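Below is one structure; the comments refer to it alone.
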Amino acid sequence: MENQNNQVTQQPKIDVSLAIEARWVAPVTQNTRLLENTSVILKQGVIVDILPTVEASSKYNPHTTIKLDEHILIPGLINKHSHAAMNLMRGIADDLALMTWLNEHIWPLEAQTLSERFVYDGALLGCAEMLKGGITCFNDMYFFPEATAQAATKAGMRAQIGLTVIDFPSPYASDADDYLLKGLNARDQWRGNSLISSCIAPHAPYTISNQTFEKVMTYAEQLGLGVHTHLHETQDEIVQSNQQFGVRPIKRLADLGVLGPSLVAAHCVHMNDEDMQLMQDYSCHIAHCPTSNLKLASGIAPVANMLSRNINIGLGTDGAASNNRIDMFAEMRLAALLSKGSSGDATAVPAEQALEMATINGARALGLDSQIGSIEIGKLGDLTAVKLTDIETMPCYDPISHLVYAAGREHVTHVWVQGELKYQRTDAYDGVFANIEPAELKEIINLWQPKLNQFK
């Protein structure tokens with residue numbers, strides 16, 4: 001624009017909250033694989049522009065500028081299946097099969113120690129580990145859901161909190177109706193909290209009766225809530241279902257009206273063609289938990305086959321008691337490698353697809369893909385920065401490949417949720433949380449480790 005004296009009049013710069021200047025940006029969108037020397041501009045927690053850094057400085061006046069000359073900026077990682085409070089049980093009953101692990105160790109331990117304080121403390125510990133590893137959102141299933149919501153809110157994380165339902169008593173509730181009542185009352189406590197959403201979480205087909213599943217679906221449909229459950233995790237689960245109900249678990253759920261686009265089914269290890277067809281027909285979502293599946297010797301899910309059917313698959317860590325690491329970088333790498341090895345196809349689950357499984361696929365399953373899961377204008381600023389110039393990540397020819405096959409959670413340097421910095425690495429081994437004090441985490445460990453140690 002020129003004035004009468006032919007002098008150029010500059011447009012005033014636009015005030016914004018944050019400018020992140022990154023060497024690379026992985027938007028995780030259909031149209032764009034990778035951007036270079038790009039700035040992501042945020043205002044009040046929302047992405048308002050994505051443009052070359054050389055242009056950003058002349059257009060915007062940010063309150064804060066973060067320069068990431070050695071980093072790739074990715075959407076915040078989404079942990080699609082977790083039991084955050086079980087971080088207090090890390091390593092307490094290792095090297096056991098699932099039902100032995102549950103029946104002889106985990107459930108007896110929970111009967112002795114479970115409380116709202118236990119869940120809050122364990123979930124806060126879990127949130128710290130997740131943030132440090134670039135996870136900005138998790139889909140949880142555990143007792144005392146209000147305690148997990150409180151911990152996530154304190155940490156500044158996004159979470160979808162499952163209202164757990166199971167057909168046997170616990171220190172939390174006496175029966176299925178009590179679980180539902182307490183869960184729905186807890187949901188009322190966080191309604192209006194922009195970081196917390198809800199689903200109903202019937203534990204598994206082997207712990208839930210037909211009558212309870214029908215009640216769950218009635219509430220889910222009336223309230224517009226998703227459903228989160230374990231499904232086809234072990235071969236024994238399928239054998240027991242055939243003996244008790246005359247059908248495989250997934251067919252039973254189909255007959256009960258549980259399958260549908262609001263269902264997130266964790267594990268789905270033992271899936272035949274008919275099972276996968278049902279998942280495809282009903283547009284269900286799968287939370288693939290490769291590390292937990294291997295550690296409990298549950299098996300290897302036929303991910304490549306399921307992806308070929310366009311079934312939406314995200315990644316989950318499960319709990320620290322059956323994984324020991326709440327590490328989505330490990331899950332991305334293992335998901336890619338297992339799919340290649342089990343299918344005999346080296347092109348199965350390439351790095352770009354593994355990143356999608358850890359981001360946008362999880363957002364889609366949680367009904368949050370209009371807000372998070374990719375770096376796009378109009379979406380919330382849930383973002384993770386990963387440094388790719390440490391010796392173990394150099395040289396770097398393909399940053400997205402490096403995210404999956406070379407980098408790890410130790411390379412995460414910055415984590416934003418809704419445009420607010422929630423974690424920043426300060427040196428090679430440690431970092432600072434915006435809302436969590438390291439002293440509080442140490443107190444939690446010192447309180448609970450002696451109590452739980454007697455149940456090993």
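Since the model is a prediction, treat every value here as computed from it, not as a measurement. Values below: every heavy atom of this structure, side chains too, minus hydrogens, waters and symmetry copies.
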Original post:
What orientation do His230 and His81 show, parallel under 30°, tilted 30 to 60°, or perpendicular over 60°?
Top reply: perpendicular
Subject >> Criterion side-chain hydrogen bond (donor to acceptor under 3.5 Å, both in side chains) on His63 and Asp15, from CA distance to verdict >> reply: CA-CA 7 Å; His63 180 270; Asp15 291 334; over 6 Å; no
Original post:
Which distance, rounded to the nearest 0.5 Å, do you find between the OG1 of Thr153 and the CG of Leu124?
Top reply: 11.0 Å
**OP:** Could you tell me whether Glu437 atom CD has more than 12 heavy atoms of other residues or ligands within 6.0 Å of it?
**Re:** no
Original post:
Is any side-chain heavy atom of Leu380 closer than 4.5 Å to a side-chain heavy atom of Ile47?
Top reply: no
Subject >> Atom of Tyr405, atom of Val349 and distance for their closest heavy-atom approach >> reply: OH-O, 3.9 Å
Original post:
So does Gln44 have more than 12 non-hydrogen atoms from other groups sitting under 6.0 Å from CD?
Top reply: no
Original post:
Quick check, are the ring centers of His270 and His232 under 6.0 angstrom apart?
Top reply: no
Subject >> Separation of Asp275 CG from Gln280 CD (nearest 0.5 Å) >> reply: 13.0 Å
Original post:
Between Val258 and Thr229, does a side-chain contact (heavy atoms from CB on, under 4.5 Å) hold up when you go through it step by step?
Top reply: CA-CA 10 Å; Val258 178; Thr229 192; 5.5 Å; no
Subject >> Neighbour count >12 (heavy atoms, 6.0 Å) for atom CD, Glu392 >> reply: yes
Subject >> Heavy-atom side-chain proximity of Arg33 to Asp398 below 4.5 angstrom >> reply: yes
Original post:
Only one of Asp140, Thr148, Asp318, Asn87 clears side-chain hydrogen bond (donor to acceptor under 3.5 Å, both in side chains) with Ser82; which?
Top reply: Asp140
**OP:** Flag the pair Lys132 and Glu129 as a salt bridge only when some basic side-chain nitrogen lies within less than 4.0 angstrom of an acidic carboxylate oxygen.
**Re:** no
**OP:** Check whether the side chains of Gln189 and Asn185 place a donor and an acceptor atom closer than 3.5 Å, and report yes or no.
**Re:** no
Original post:
Salt bridge check: are Glu420 and Lys422 linked by an N-O gap of less than 4.0 Å?
Top reply: yes
**OP:** State which residue, out of Leu366, Asn139, Ile135, fulfils the side-chain contact (heavy atoms from CB on, under 4.5 Å) condition with Ile78.
**Re:** Leu366
**OP:** With sequence neighbours left out, write down each residue that passes side chain to side chain contact (heavy atoms under 4.5 Å, CB included) with Gln424, or none if nothing qualifies.
**Re:** His414, Leu421
Original post:
Can you tell which of Cys199, Pro202, Ser262 makes a side-chain contact (heavy atoms from CB on, under 4.5 Å) with His228?
Top reply: Cys199
